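Reviewing the structure listed below.
A quick note: this is a predicted structure, and the numbers were derived from the prediction, not measured. Along the sequence shown, the residues carry numbers beginning at 1. Ligands are counted one by one from 1 in listed order, and the atoms in each one are counted from 1 as well.
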Amino acid sequence: MAKTVRFTKMQGAGNDYIYVDTLLNDVANPAAAAVAWSSPHTGIGADGLVLIGCSRVPEADFTMRIFNADGSEALMCGNASRCVGKYLYEKGITDSTTIRLLTLSGVKTLRLHLRHDNTVESVTVDMGAPVLADAGLLSAPGGSMVNGSVAAGGREFCGTFVSMGNPHFVVFADSLDGLDLARWGALLERSALFPQRCNIEFAQVLADGLIRARVWERGSGVTMACGTGACATAVAASLTGRAPRASRIVMDGGELGVDWAGDDGHVYLTGPAEFVFEGEVQVAG
Ligand SMILES: N[C@H](CCC[C@H](N)C(=O)O)C(=O)O
């Protein structure tokens with residue numbers, strides 16, 4: 001017996017996901033659903049699937065799970081976190097402009113910035129502190145790499161490892177013109193140095209606090225933006241003396257603000273969140 005699942009398509013700086021409110025809809029096999037529904041030609045079309053749930057723990061208000069287009073589950077998603085905040089507030093599920101969101105990477109606090117008409121203009125996410133050493137994510141001495149080298153496709157890529165709950169490798173270049181992101185991103189994602197694969201950013205520091213960045217996402221490929229990737233890029237730029245602790249990251253789909261705060265060491269991500277459309281999808285019962 002087939003059943004109907006209602007979904008909401010949303011995007012943050014062009015990083016688009018299918019959102020399902022599990023308070024009202026059950027997705028029995030989210031990994032398989034993420035693969036089927038993310039397909040642009042035979043599905044809905046998205047970078048992945050996000051499940052919104054109710055928290056059962058006192059330290060959080062709601063929960064979020066994110067599945068990439070290949071069905072793999074990520075621990076955290078910056079752009080989706082902002083969309084979840086907008087969804088919960090504008091659907092009237094909460095009337096608070098501060099939301100504690102439980103993710104596989106811990107509780108992230110959202111601060112919603114409202115327009116005069118009470119719609120959500122942008123959201124600031126407390127992404128927590130960056131993790132610069134994690135031997136489970138990077139097979140290098142001490143599990144860390146700053147201006148280190150990763151070989152792929154017969155070339156050496158100099159970059160810096162930063163985890164924001166999910167792993168990122170940030171490669172700085174003098175220009176991104178002519179970058180074959182699909183080729184090098186795919187090879188670097190699956191480097192043997194990354195036992196759980198890795199998200200890959202190529203970045204170019206511009207003038208006055210601007211950094212241009214493009215991203216190859218683990219499990220989704222080239223996306224228009226990546227929130228955790230923007231955070232990793234800003235942290236790597238500061239770590240390597242290329243930029244101050246706050247940067248504006250210009251990605252293919254939009255601009256994200258990142259501030260690696262000096263007082264608490266947390267990274268704050270600010271950016272847009274938009275509804276795209278609502279729909280229903282049939283799933284086998
Ligand atoms: N797009 C997301 C990150 C997804 C990360 C996922 N690709 C992985 O780590 O496997 C963001 O805005 O932070």
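Within the structure, ligand 1 lacks Trp216 among the residues with a heavy atom less than 4.0 angstrom away. Using a 4.0 angstrom heavy-atom cutoff, Cys226 counts as in contact with ligand 1.
In this structure, Asn68 contributes its side chain and Asp70 its backbone to no donor-acceptor pair below 3.5 Å.
Ser175 and Gln204 share no side-chain donor-acceptor pair at under 3.5 Å. Side-chain contact of Thr42 with Ser39: a donor-acceptor pair under 3.5 Å is present, judged by distance alone. Side-chain contact check for Gln282 and Thr4: at least one donor-acceptor pair (N or O, by modelled atom type) lies under 3.5 Å. If you check the side chains of Thr233 and Glu201, you find no donor sitting under 3.5 Å from an acceptor.
With Asp16, Asp70, Asn166, Leu75 as candidates, the residue nearest to atom 5 (C) of ligand 1 on a non-hydrogen basis is Asn166. When Glu73, Met164, Arg197, Glu217 are checked for heavy-atom proximity to atom 1 (N) of ligand 1, Glu217 turns out nearest.
Annotation for ligand 1: atoms under 4.0 Å from non-hydrogen atoms of Thr228 are 3 (C), 11 (C), 12 (O), 13 (O). The ligand atoms of ligand 1 that sit less than 4.0 angstrom from a heavy atom of Asn15 are 1 (N), 2 (C), 11 (C), 12 (O). Ligand 1 places these atoms under 4.0 Å from at least one heavy atom of Ala74: 6 (C), 8 (C), 9 (O), 10 (O).
When hydrogens are left out, the protein atom nearest atom 2 (C) of ligand 1 is Cys77 SG, 3.2 Å; that is the closest non-hydrogen contact. In terms of protein heavy-atom proximity, atom 12 (O) of ligand 1 is closest to Gly227 N, 2.6 Å. Protein heavy atom at the shortest distance from atom 10 (O) of ligand 1 is Arg218 NE, 2.7 Å.
When ring centroids are compared, Tyr19 and Tyr87 stay outside the 6.0 Å threshold.
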* **Worked verdict on Leu114 versus Val120 for side chain to side chain contact (heavy atoms under 4.5 Å, CB included)** => CA-CA 4 Å; Leu114 305 182; Val120 176; 3.8 Å; yes
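Backbone and side-chain nitrogen or oxygen atoms of Ile66 are examined, and none is located within less than 3.5 angstrom of a nitrogen or oxygen of ligand 1. An N or O contact shorter than 3.5 Å links Gly78 to ligand 1 by distance.
When heavy-atom distances to ligand 1 are checked against a 4.0 Å cut-off, Phe67 has no atom that comes that close, whether in backbone or side chain. Contacts between Asn199 and ligand 1 below 4.0 angstrom, taking non-hydrogen atoms only, involve the side chain exclusively. In Asn68, the part holding a heavy atom less than 4.0 Å from any atom of ligand 1 is the side chain. With a 4.0 Å cut-off on non-hydrogen atoms, Asn79 touches ligand 1 through its backbone as well as its side chain.
Taking the salt bridge (Lys or Arg N to Asp or Glu O under 4.0 Å) definition, one finds that Glu280 meets it with Arg6, sequence neighbours left out.
You'll find the side chain of Arg82 stays beyond 4.5 Å of the side chain of Ser122, heavy atoms only.
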Using residues 144-158 as the side-chain source, report each donor-acceptor pair under 3.5 Å to any protein atom, sequence neighbours left out, with the distance given to one decimal.
{"residue": "Asn147", "atom": "OD1", "partner": "Arg242", "partner atom": "NH1", "Å": "3.4"}
{"residue": "Ser149", "atom": "OG", "partner": "Glu156", "partner atom": "OE1", "Å": "2.2"}

